[in-house]
J.: 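The structure follows.
As the structure is a computational prediction, the values presented were derived from the model and not from experiment.
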Amino acid sequence: METYLNLMLIRFGVIAGGIVALALVVFGVSVFLKRRGRLDEARRYADPALRAALRMAARRLEDGAGRTRRRDGRR
């Protein structure tokens with residue numbers, strides 16, 4: 001049981017470290033773009049992709065995440 005808990009703790013640490021590293025990279029890129037004066041341009045390009053991702057996530061939540069899919073991809 002102790003080995004399992006150690007593995008779970010290591011997994012949590014790796015995931016948390018990855019999230020922190022990703023946040024630092026995003027922050028660094030945004031500071032770089034802000035200094036170059038291109039942050040507004042980057043926002044304009046990223047806005048449609050972000051909206052599409054949010055629509056997809058909302059559609060998944062409306063359909064219900066607990067449903068299972070068949071092997072051919074249909075529900």
Side-chain angles (χ1 to χ4, degrees):
M1 184 69 171
E2 184 181 346
T3 305
Y4 175 74
L5 291 175
N6 284 337
L7 289 175
M8 294 300 291
L9 185 61
I10 290 170
R11 188 181 86 171
F12 173 76
V14 168
I15 291 171
I19 290 172
V20 168
L22 181 64
L24 287 172
V25 167
V26 169
F27 179 74
V29 168
S30 66
V31 167
F32 177 77
L33 289 173
K34 178 82 172 167
R35 287 186 179 177
R36 298 281 180 179
R38 297 192 175 187
L39 186 61
D40 291 332
E41 184 180 339
R43 281 184 184 159
R44 199 172 2 160
Y45 285 122
D47 189 44
L50 181 63
R51 288 181 192 265
L54 289 174
R55 275 194 306 264
M56 184 182 68
R59 202 174 311 126
R60 270 195 175 179
L61 287 174
E62 287 174 0
D63 287 346
R67 293 185 183 172
T68 58
R69 292 186 180 260
R70 293 189 223 161
R71 286 187 181 178
D72 58 0
R74 293 182 292 165
R75 290 184 184 234

J.: Partners of R59 by side-chain hydrogen bond (donor to acceptor under 3.5 Å, both in side chains), sequence neighbours excluded?
T.: none
J.: In Å, rounded to the nearest 0.5 Å, how long is the span from CG of N6 to CD of E2?
T.: 5.5 Å
J.: To the nearest 0.5 Å, what is the distance between CG (D63) and CZ (R60)?
T.: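 CZ of R60 is found 9.5 Å from CG of D63.
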J.: Identify all side-chain donor-acceptor contacts of residues 7-29 below 3.5 Å with residues at least two apart in sequence or on another chain.
T.:
none

J.: Could you list all the side-chain hydrogen bond (donor to acceptor under 3.5 Å, both in side chains) pairs where at least one residue sits in residues 20-40, not counting sequence neighbours?
T.: none
J.: If the condition is side chain to side chain contact (heavy atoms under 4.5 Å, CB included), which residues does R44 pass it with, not counting sequence neighbours?
T.: E41
